[in-house]
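Working notes, beginning with the structure itself.
Note that the structure is predicted; figures quoted are calculated from it, not measured. Within every chain, numbering begins at 1; the chains are lettered A, B, ... in the order of the sequence lines, protein sequences first and strands thereafter.
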Amino acid sequence: MTVGSRPMLDLLSDLGRRAAAALATHLAATGGAVDGLPAELPVVRAGKPEFGDFQISACLQIAKQAKRPPRELAEAVVRGLTGHEALAKIEIAGPGFVNLHLTDGWLANRVAARMSDPRLGLRPVGRDQRVVIDYSAPNVAKPMHIGHIRSTIVGAALHRTLKALAYDVIADNHIGDWGTQFGKLIVAYRRWNDQAAYAADPVTELLRLYVAFSVEEKRERGEVAATATATATATEPATDEEEVQGPAPPILEEARRELVKLQAGDAENHALWQKFIADSRHAFQEIYDRLGVTFDYWLGESTYNGLLPTVVQELRRRGIARDSRGAQVIFFDEQGEVLAAERAPIENAKLPPFIVQKSDGGFNYASTDVATLAIRLGLFGASRILIVTDERQQLHFRQLFAVARRMGVTVPVEHIWFGLMRMAEGTIKTREGNVIHLADLLDEAERRATVAAGEHNPELGDEERRDVGRVVGIGAVKYNDLSKDRQTLVTFTFDKALSLQGNTAPYLQYAYARIRSIVRKSGEAPSPSATVILGDTVERDLARRILAYPEAVETVARTCRPHVLCDYLYELATAFSTFYADHPVLKAEPTLRASRLVLTELTARVLRDGLSLLGIDVLERM
RNA sequence: GCGCGUUUAGCUCAGCUGGAUAGAGCGUUGGCCUCCGGAGCCAAAGGCCACAGGUUCGAAUCCUGUAACGCGCACCA
């Protein structure tokens, strides 16, 4: 490990350990024994500049248990840290906070050292860990719309971030390529397919066919219901709420027959199904290419079909699933754990029943997901599994994870859920109503950004302007989703999604382009051996933020929340802009110029690297 | 009805898992181009952290209620 490759994080651990040791010694001497004193006191960023760079507030928490005054403990901590090479000043403040001030020299040396570190301080914390990440997962025969964008973009960002920390990542696109909709699609395709329209845009035509099916189904259902109510005796109340619906309309019966044929391996239906998948995948790939998103596998739901009978058998054999109303069902207890199959279902179960096989013998999402989990754990040897979907699937995954626990799964399986995208009033409508297709959103983003590029930099040629528009537009869309906590409910508007000011991708890209312009004009490569001078708080603040990069990236990997990295990069860019406003670089005297070039260059490298983890490109000019 | 989630400035959001005087962006108002790219910088105004209790040295953060909104709740995925 080279010096300076992970300065800030190591320093905090070191300080925390020394503080804890000093405190333990003091407590032992004074008889104020405390159970479970941590080996490392938490050292956190100070809330305000006057409180120094970092602070330790643990003395306040420990004081009560130790029955000693907080300030006395703080004094012990101060004694333990006095003389540390990185600390310029240690003070006790308020009721017992310990404020730590780093020396400018320590910061400067560490920043200078980072010039020689191609990883910018990132540590291989994920080494020897295999993570399977499941994201995007669009449904076959449906165009990707703005509801898919968060899973795709958040998932891709996590994918890249984990890889950067040396995790062995397997990205799996679990596309919806199986299910009852294929019976409907086959029927609708045979009845109404418009060959020219299909040839031009298969997925849009498939969506039209699906909608046409629903319309026809509804029409027939109306007719059936009318005759049913006319002949009903009306004296027999329905015993089951779910069964009050009348007999199925003929077209739905037809769809079910086609589905059964497909499942039985009927050659014609199988060929159609394959065609739908291939054409859909082609359309998805176009979007992924524009977004720069990649997968290692596309193991759709159908991948697991052959395993489902065995999965359900196994669940029964192990006393997890049982017969109930003709279906294979798993029940839960008051704690939300699986209820043994020999026990009667209970009233106040924490979770509703989990159906792994329908009463008609068909399998569903639940059994598919059990099989998927088994493959990811067994075949892929995952040591962590991340599934990125919207919030509506929380209950399903709680049920699934309870089943996994019952089956003895101990590796962490996490549902990385995000809030739904909602439409605001007045947004543009597309062909199919109020769904905005992802492709249209990206087109509009690029169009607006291209116009903006032309306004802000008239010197750009047509080709470069379009290139800038593409990178800025796509970046803005991605950043808009990534910069909010993923659990936030988003109300979509073009103006917000494509904003170019404030905490946005274009701001960061602009900061990068400006920096590159300075470095170009310097006519030299910033020197890794230059001495860094931190002359004032502005330069000092910039240095601190540069060094904090690994902390932000590791937080993203741990919590699966990319907005932490967005916030970090925005603060870095802001710190640079402040620095840039009144600290001449090229016109400074030689030693200062060399030092400032290092700060400038490092800011550029961290911005580029951090944005790349988010899947956002940068430009040399814009 | 039950479960999960959300509620912080006019609007959009942070708040590092209990720390000191709650922070940004947009918008508003006022400054900054003889100076490396003004998609920028500096500053001001703007807050009962939904509401009511509780826990403790200390609460936007934890616990209990209440309200509003979002989502889900037996054979869709």
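Checking B:A74, B:C16, B:G18 against the side-chain heavy atoms of A:Gln61 singles out B:G18 as nearest. Between B:C16, B:C4, B:G37, one nucleotide has an atom nearer to the side chain of A:Met622 than all others, and that is B:G37. Taking the side chain of A:Lys484 as heavy atoms from C-beta on, and the options B:C76, B:G27, B:A14, the nearest nucleotide is B:A14. In this structure, of B:C36, B:A74, B:G37, it is B:A74 that holds the atom nearest to the side chain of A:Ser324. For A:Thr578, taking side-chain heavy atoms from C-beta onward, the closest of the listed nucleotides B:G23, B:C75, B:C41 is B:C41. Closest to the A:Gln55 side chain, of the nucleotides B:G19, B:G40, B:A77, is B:G19. Checked against B:G37, B:A39, B:G15, the side chain of A:Ala452 finds its nearest nucleotide in B:A39. When the nucleotides B:A74, B:G70, B:G37 are ranked by their closest atom to the side chain of A:Glu391, B:G70 comes out on top. Taking only side-chain atoms of A:Lys521, from C-beta outward, the nucleotide of B:A74, B:C36, B:A24 with the closest atom is B:C36. Considering only side-chain atoms of A:Glu301, the nucleotide from B:A77, B:C36, B:C4 that sits closest is B:A77.
Between the side chain of A:Ser517 and the base of B:G37 there is at least one donor-acceptor pair of N/O atoms closer than 3.5 Å. With hydrogens and angles ignored, a donor-acceptor pair under 3.5 angstrom links the side chain of A:Arg45 to the base of B:C16. In terms of polar N and O atoms assigned as donor or acceptor, the side chain of A:Asp390 never comes within less than 3.5 Å of the base of B:A77 in a complementary pairing. The base of B:C16 is not paired with the side chain of A:Thr555 by any donor and acceptor separated by under 3.5 Å.
At a threshold of 4.0 angstrom between heavy atoms, the contacts of A:Asn348 with the nucleic acid are absent. The residue A:Val356 sits apart from the nucleic acid: no heavy atom pair falls under 4.0 Å. Within the nucleic acid shown, A:Pro352 comes within 4.0 Å of sugar-phosphate atoms alone, with no base atom in reach, counting heavy atoms only. Here A:Leu351 lies out of heavy-atom contact (under 4.0 Å) with every strand. A:Ala93 comes within 4.0 angstrom of a nucleotide base, judged by non-hydrogen atoms across all strands. Using a 4.0 Å heavy-atom criterion, one finds that A:Arg621 contacts the bases of the nucleic acid, with or without backbone contacts as well. Within 4.0 Å of A:Leu586, counting heavy atoms only, lies at least one base atom of the nucleic acid.
With hydrogens and angles disregarded, a donor-acceptor distance shorter than 3.5 Å links the side chain of A:Thr303 to the backbone of A:Gly300. Using modelled atom types, one side-chain atom of A:His174 and one backbone atom of A:Leu299 make a donor-acceptor pair closer than 3.5 Å. Between the A:Arg322 side chain and the A:Ile330 main chain, no donor and acceptor come within less than 3.5 Å of each other. The closest donor-acceptor contact from the side chain of A:Glu391 to the backbone of A:Leu420 lies under 3.5 Å.
Not one side-chain nitrogen or oxygen of A:Tyr568 sits closer than 4.0 Å to the OP1 or OP2 atom of B:A14. For A:Thr488 and B:A14, the shortest distance from a side-chain N or O to OP1 or OP2 is below 4.0 Å. For B:G25, neither phosphate oxygen OP1 nor OP2 lies less than 4.0 angstrom from any side-chain nitrogen or oxygen of A:Ser499. Using a 4.0 Å cut-off, no side-chain N or O of A:Lys64 falls inside it from OP1 or OP2 of B:G58. Checking the phosphate oxygens (OP1, OP2) of B:A39, a side-chain nitrogen or oxygen of A:Tyr510 falls inside 4.0 Å. OP1 and OP2 of B:A39 both lie 4.0 Å or more from every side-chain N or O belonging to A:Arg514. Between A:Ser359 and B:C75, a side-chain N or O to OP1/OP2 separation shorter than 4.0 Å is absent. Here A:Lys350 does not reach the OP1 or OP2 of B:C2: none of its side-chain N or O atoms lies under 4.0 Å away. Within the 4.0 Å cut-off from OP1 or OP2 of B:C41, at least one side-chain nitrogen or oxygen of A:Tyr507 is found. Distances shorter than 4.0 Å separate some side-chain N or O of A:His563 from OP1 or OP2 on B:G15.
Taking atom C1' in both B:G72 and B:A14, the straight-line distance is 28 Å, to the nearest Å. Taking the P atom of each, B:G37 and B:U21 are spaced 43 Å apart, rounded to whole Å. The separation of B:G27 from B:C42, taken at their P atoms, amounts to 16 Å, rounded to a whole angstrom. Comparing B:U64 with B:C69, their P atoms are spaced 23 Å from each other, to the whole Å. Here the separation of B:A20 from B:C26, taken at their P atoms, is 26 Å to the nearest Å.
Atom CG of A:Leu395 is separated from atom C1' of B:C4 by 8 Å (rounded to the nearest Å). Here B:C16 presents its C1' atom at 10 Å from CG of A:Asp567, a figure rounded to the nearest Å.
Both geometric conditions, a ring-centre gap below 5.5 Å and a plane tilt below 30°, are fulfilled for A:Phe97 over the base of B:A20. Here A:Phe51 counts as stacked on B:A20: its ring centre is under 5.5 angstrom from the base ring centre and the planes meet at under 30°.
Nucleotide B:C4 is matched to B:G70 when pairs are restricted to Watson-Crick or G-U wobble geometry with both distances under 3.5 angstrom. Within the shown strands, nothing qualifies as a pairing partner of B:A9 under the Watson-Crick or G-U definition with both distances less than 3.5 Å.
Glycosidic conformation of B:U34 is anti; the angle lies outside 90° of 0. Classification of B:C35 as anti follows from a glycosidic angle more than 90° from 0.
With A:Phe54 as the aromatic partner, A:Arg45 does not meet the cation-pi criteria of under 6.0 angstrom to the ring centre and within 45 degrees of the ring axis.
The two residues A:Pro562 and A:Val556 make their nearest non-hydrogen contact at CA-CG1, 3.8 Å.
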Worksheet item: So A:Phe51 and A:Phe97, ring pair (Phe, Tyr, Trp, His ring centres under 6.0 Å) or not? Walk me through it.
Response: CA-CA 9 Å; A:Phe51 298 148; A:Phe97 294 104; 7.4 Å; no
Practice prompt. I would like to know whether A:Phe576 and A:Phe579 meet ring pair (Phe, Tyr, Trp, His ring centres under 6.0 Å); could you show each step before the answer?
Written response: CA-CA 5 Å; A:Phe576 181 81; A:Phe579 162 79; 5.6 Å; yes
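Residues A:Tyr512 and A:Glu620 have side chains that bring a donor and an acceptor to within less than 3.5 angstrom of each other.
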